Amino acid sequence: MKIRLVDSGVFTPVEDIQMTLTPPASGFYWLDADVDDLAELQPLFSLHDLAVEDCLSEEEQRPKLEIYENHYFIVVNSIRFDDEEIFLRALNVFLGRHFIITVTKQKIHELRSVKPLLWEDEVSTPDRFLYLLIDLVTDNYFTVGDRIEARIEKLEEDILMHTKKSHLSEIIGLRSEILWLKKVLGPQKEVINTLNKKDLRLIDDQLQKYFSDIYENAVKISETFETYRDLMGNLREAYQSSIANRANEIMRVFTAITTIFIPLTLITGIYGMNFTNMPELDWKYSYYVVLGIMISAGALMFYLFRKKDWI
């Protein structure tokens, strides 16, 4: 666990956790903890049992805002896109009057990215910290959305250029991830809307209005993923159409080849009959003449088919 006094964006390490129980003369305390530290933090800051239980739970937590007597408990989902797979990681935040506690099970990029913003904006209040952190989490969805869009475009190009059976599993997998994200974005959007509209004593009234911008971004993200879902449906139709066209092309080639061999089969069938009175059988050039006729007929039909763009 890392403890810092944040005053005008300047970080000062704190060694004694007991100091954080008393409001500083200026600034606030940021306690960056993991779930194992909750056993120590809960009695010190009177963290609610249900909130701590949610942090420790192995089940996926729904984004939410819980209001308790001396602190708020906020859960939002940070998003990552690694190795063509989407991950959601819960970011648990305890917001107090003079402190903010962030609790995570895995490393979350936004907690590192928020540090220069705190210094740049000369942040001295925990509610301002919360605003910047949630803003970063929301903006990161746009970054992931851009990568998903690029993946959809590449998949569409691959399908149009050379369709493979593996493309169907990619379409189904990506569509499932998009639907999953769409489902998660709903509750997170409502949490941000609550931070914007509800009367919250631990968040400054002037700052609370800024959450409306984050809410608008969350709405845009939700609409974007709705569009991606529709695109995946179109992509699946394109895949099925491409497979059908490819099958038609193969059948057309097979049909043309079969048609070319029909007259050749007729000729060989005629001369395969074992009749005695067949004058060509006694002519020494008959084999070469018949063979030439077969080759010429086949070449002529092939030429005609190519000219009509049948093969």
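It should be emphasised that the depicted structure is a prediction, and the values quoted were computed from it without experimental measurement.
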Flag for Asp199-Gln208: side-chain donor and acceptor within less than 3.5 Å: no

Set of residues satisfying ring pair (Phe, Tyr, Trp, His ring centres under 6.0 Å) with respect to Tyr215, sequence neighbours excluded: none

Check: Val137 main-chain N/O paired with Asn140 side-chain donor or acceptor under 3.5 Å: no

Expected output: side-chain Ser222 to main-chain Ala218 donor-acceptor under 3.5 Å: no

Partners passing side chain to side chain contact (heavy atoms under 4.5 Å, CB included) against Ser113 (at least two apart in sequence or in another chain): His109, Leu136

Among Leu118, Val6, Leu117, the one residue meeting side-chain contact (heavy atoms from CB on, under 4.5 Å) with Phe129: Leu118

Whether His98 and Tyr29 hold their rings parallel, tilted or perpendicular, with breakpoints at 30° and 60°: perpendicular

For Val10, the rest of its hydrophobic cluster, which grows through side-chain links under 4.5 angstrom: none

Any residue meeting salt bridge (charged side-chain N to carboxylate O under 4.0 Å, His left out) with Arg128, in chain and number order, not counting sequence neighbours: Asp121

Salt bridge flag under 4.0 Å for residues Lys154 and Glu157: no

For His71, ring pair (Phe, Tyr, Trp, His ring centres under 6.0 Å) partners two or more places apart: Tyr68, Phe94

Asn92 side-chain N/O to Val103 backbone N/O, donor-acceptor pair under 3.5 Å: yes

Results of side chain to side chain contact (heavy atoms under 4.5 Å, CB included) for Gln18 - residues two or more places apart only: Asp16, Leu21, Leu44

Flag, side chain of Arg229 to backbone of Leu179, donor-acceptor distance under 3.5 Å: no

Check: Ser8 main-chain N/O paired with Ser124 side-chain donor or acceptor under 3.5 Å: yes

Reference residue Leu91; test side-chain contact (heavy atoms from CB on, under 4.5 Å); the match among Val75, Thr104, Ile134: Thr104

Thr268 side chain vs Thr265 backbone, donor-acceptor pair below 3.5 Å: yes

